[in-house]
Trainee: 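There's a structure below that I have some questions on.
In this text, all values refer to a predicted model and were calculated from it rather than measured experimentally.
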Amino acid sequence: MTAQKTIVIGAGIIGCSIACALAAGGSDVVVLDAGRVAGDSSGRSFGWINASFHANEHHYHLRCEGIAAWRRLEAERGALPISWGGAVCWEEQGAALAAQRDRLRGLGYEVSHLQAEALQHRLPGISGLPDEALVFPQEGVAETSAVTQALARDAATFGARFLTGVKALEICEVGGRVTGVRTQQGVIPADRVTLAAGVGSHPLLSPLDVALPMLPRPGLLLTTVPIPKVLDTVLVTPEGEIRQLADGRIMMPTSVGHQADTTEEITQTPDKIANSALDRIRHYFPQHDLSLEEVTLAWRPVPGDGLPVVGPTGLEGLYVSVMHSGITLAAVMAEMVSAELQTGVIPDLLGPYRPSRFQ
């Protein structure tokens with residue numbers, strides 16, 4: 001029996017994860033991207049894998065399963081460029097911190113509550129620490145570009161082909177069924193199309209009368225010049241989220257609480273915003289000169305209600321998978337989307353996230 005040909009549009013972390021799972025399951029997979037693998041949002045991400053941030057209880061369970069799915073994937077294929085150093089959080093203090101602790105523990109999340117002495121022991125290279133903080137030990141950070149590229153290589157070993165620098169101009173259909181994807185170089189035929197193009201998904205769906213409202217969510221991410229190693233975890237502070245890369249650079253989104261940031265437009269130059277963000281966190285690193293190396297602008301793929309959009313669109317053969325944060329959810333999406341496409345069985349966790357809610 002000939003395998004169904006699937007075109008995955010988008011070579012970010014969601015597209016590459018799904019392509020890998022489909023190809024491993026025997027599907028004939030082609031991945032299209034106008035740029036390169038991890039060339040857009042997936043290569044410009046803070047990379048935090050977590051469930052301490054969530055929109056509601058169902059979303060919390062989805063994100064927990066996202067963490068577990070990364071662990072399953074690493075157990076199966078070997079380690080990825082992911083560090084499981086947890087996160088230390090003191091965005092809130094006093095009663096608000098205790099409420100956050102109790103809320104997460106009530107959901108079943110693993111949380112430790114450290115007082116000042118234990119906190120200083122946990123973060124010996126950091127100054128200006130608060131009186132208390134929460135620790136989320138199961139969280140991690142991905143080197144997002146490297147992880148995405150590793151998944152693309154895995155997909156290729158299973159037979160997936162990558163066409164990068166090839167822009168999808170139109171999803172073709174005849175009689176209410178997908179027939180392929182039109183590019184500048186011609187039409188590539190397919191039995192089904194999985195759209196994982198992030199912010200580029202809406203322009204491809206709109207001509208097909210498939211609604212996918214997207215929120216404008218620009219994000220700036222700064223990195224400093226390298227400093228000696230002082231951090232092995234994510235810091236979630238009132239001034240912003242902070243981590244240190246393997247090469248010594250400090251990385252930080254310029255907005256405070258960037259996962260829930262609702263800024264629609266950046267009205268200052270990125271260098272000014274980045275330098276202001278650096279000024280906010282210098283007191284944590286008084287022995288080191290934090291100097292800006294790079295600031296990067298990316299548009300986060302946030303659907304209109306802030307929740308993932310995953311499932312069939314009503315046009316036969318067309319499936320969509322668009323969300324923020326793809327870094328936390330990529331591995332579990334690969335499991336669930338490939339299962340649905342290859343068996344027709346709808347995973348229970350996907351119930352609230354179907355595209356039909358916008359129709």
Trainee: Could you tell me whether Arg63 sits above the aromatic face of Phe53, with NZ or CZ closer than 6.0 angstrom to the six-membered ring centre and within 45 degrees of the axis?
Mentor: no
Trainee: Would Thr237 and Glu239 satisfy side chain to side chain donor-acceptor pair (under 3.5 Å), going step by step from the backbone distance to the final call?
Mentor: CA-CA 5 Å; Thr237 81; Glu239 294 81 15; 3.2 Å; yes
Trainee: Under 3.5 Å, is there a donor-acceptor pair between the side chain of Gln244 and the main chain of Val230?
Mentor: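 It does hold such a pair.
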Trainee: Should Arg357 and Leu307 be marked as a side chain to side chain contact (heavy atoms under 4.5 Å, CB included) after you check the CA-CA gap, both sets of side-chain angles, and the distance that decides it?
Mentor: CA-CA 11 Å; Arg357 70 185 190 269; Leu307 297 172; 3.8 Å; yes
Trainee: Assess the residue pair Glu92 and Arg101 against the criterion (salt bridge (charged side-chain N to carboxylate O under 4.0 Å, His left out)); give the C-alpha distance rounded to whole Å, side-chain angles, the decisive distance to 0.1 Å, and a yes or no.
Mentor: CA-CA 10 Å; Glu92 308 284 356; Arg101 175 202 64 204; over 6 Å; no
Trainee: Please answer whether the main-chain N or O of Leu80 pairs with a side-chain N or O of Glu74 as donor and acceptor at a distance below 3.5 Å.
Mentor: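 Yes: the side chain of Glu74 pairs with the backbone of Leu80.
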Trainee: For Lys5 and Ile188, what are the C-alpha separation, side-chain angles and deciding distance, and is it a side chain to side chain contact (heavy atoms under 4.5 Å, CB included)?
Mentor: CA-CA 10 Å; Lys5 183 173 181 180; Ile188 303 174; 3.7 Å; yes
Trainee: Is it possible for you to say whether Ile49 and Leu134 belong to one hydrophobic cluster, with membership spreading through side-chain heavy-atom contacts below 4.5 Å?
Mentor: yes
Trainee: Is there side-chain contact between Ile281 and Ile242, with at least one heavy-atom pair below 4.5 Å?
Mentor: yes
Trainee: Looking at side-chain heavy atoms only, is the closest gap between Arg122 and Asp232 below 4.5 Å?
Mentor: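 Yes, close enough: below the 4.5 Å cut-off.
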Trainee: Evaluate the side chain to side chain contact (heavy atoms under 4.5 Å, CB included) criterion for residues Leu318 and Glu173: first the C-alpha distance (whole Å), next the side-chain angles of each, then the deciding distance (0.1 Å), finally the verdict.
Mentor: CA-CA 9 Å; Leu318 178 58; Glu173 60 94 12; over 6 Å; no
Trainee: Salt bridge (charged side-chain N to carboxylate O under 4.0 Å, His left out) for Glu170 and Arg182? Distances and angles first, verdict last.
Mentor: CA-CA 5 Å; Glu170 178 187 20; Arg182 185 170 66 85; 2.8 Å; yes
Trainee: If you look only at pairs with a residue in residues 221-250, which of them pass as a ring-ring contact (aromatic ring centres under 6.0 Å, His included), with sequence neighbours excluded?
Mentor: none
Trainee: State, yes or no, whether a side-chain contact exists between Met336 and Glu65 at a heavy-atom distance under 4.5 Å.
Mentor: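 No, every pair of side-chain atoms sits at 4.5 Å or beyond.
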Trainee: Output yes when a side-chain donor or acceptor of Trp299 lies under 3.5 Å from a complementary backbone atom of Asp40, and no otherwise.
Mentor: no
Trainee: Quick one: does Leu221's side chain get under 4.5 Å of Pro253's, heavy atoms only?
Mentor: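 A side-chain contact exists here, since the closest heavy-atom pair is under 4.5 Å.
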Trainee: Does Val332 offer a backbone N or O that forms a donor-acceptor pair with the side chain of Arg72 under 3.5 Å?
Mentor: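 No.
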Trainee: Under the salt bridge (charged side-chain N to carboxylate O under 4.0 Å, His left out) rule, what do Glu139 and Arg243 come out as? Steps first, then yes or no, please.
Mentor: CA-CA 13 Å; Glu139 297 184 351; Arg243 74 179 183 100; over 6 Å; no
Trainee: Under 3.5 Å, is there a donor-acceptor pair between the side chain of Thr328 and the main chain of Gly66?
Mentor: no
Trainee: Between Arg192 and Leu341, is there a donor-acceptor pair closer than 3.5 Å when you use the side chain of the first and the backbone of the second?
Mentor: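 Yes: the side chain of Arg192 pairs with the backbone of Leu341.
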Trainee: Return the minimal non-hydrogen interatomic distance between Cys20 and Ala155, and the atom names on each side.
Mentor: CA-CB, 3.6 Å
Trainee: Are any of the side-chain heavy atoms of Gln184 and Lys167 separated by less than 4.5 Å?
Mentor: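 Side chain of Gln184 against side chain of Lys167, heavy atoms only: no contact under 4.5 Å found.
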Trainee: Scan His54, Met323, Met333 and name whichever one has a side chain to side chain contact (heavy atoms under 4.5 Å, CB included) with Leu62.
Mentor: Met333
Trainee: Do the rings of Tyr109 and Phe136 sit parallel, tilted or perpendicular, given the 30° and 60° boundaries?
Mentor: tilted
Trainee: Can you tell me how far the CD atom of Glu143 sits from the OG atom of Ser83, to the nearest 0.5 Å?
Mentor: 8.0 Å
Trainee: Would you indicate whether the side-chain heavy atoms of His59 and Pro308 approach each other to under 4.5 Å?
Mentor: yes
Trainee: Only pairs under 3.5 Å count here: list side-chain donor-acceptor contacts from residues 343-352, not counting sequence neighbours, and write none if there are none.
Mentor:
| residue | atom | partner | partner atom | Å |
| --- | --- | --- | --- | --- |
| Thr343 | OG1 | Ala339 | O | 2.5 |
| Thr343 | OG1 | Val345 | N | 3.1 |

Trainee: Report yes or no: does Ser321 contribute a side-chain atom to a donor-acceptor pair with the main-chain N or O of Val310 at less than 3.5 Å?
Mentor: no
Trainee: Would the number of heavy atoms belonging to other residues, nucleotides or ligands and lying under 6.0 Å from CD of Gln185 be above 12?
Mentor: yes
Trainee: Walk me through it: do Leu123 and Tyr284 pass the test side chain to side chain contact (heavy atoms under 4.5 Å, CB included)?
Mentor: CA-CA 10 Å; Leu123 299 171; Tyr284 294 125; over 6 Å; no
Trainee: Apply salt bridge (charged side-chain N to carboxylate O under 4.0 Å, His left out) to Asp102 and Arg105, showing your working.
Mentor: CA-CA 5 Å; Asp102 294 345; Arg105 285 179 176 172; 5.0 Å; no
Trainee: Side-chain contact test, heavy atoms from C-beta onward, threshold under 4.5 Å: evaluate it for Phe158 versus Val29 and give yes or no.
Mentor: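 The answer is no; the side chains never approach within 4.5 Å.
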Trainee: Could you go through Asp271 and Thr269, starting from their C-alpha distance and side-chain angles, then the distance that decides it, and tell me whether this counts as side chain to side chain donor-acceptor pair (under 3.5 Å)?
Mentor: CA-CA 6 Å; Asp271 58 323; Thr269 60; 2.6 Å; yes
Trainee: Please examine the side chains of Pro303 and Tyr353, heavy atoms only from C-beta on, and report whether any two atoms are closer than 4.5 Å.
Mentor: no
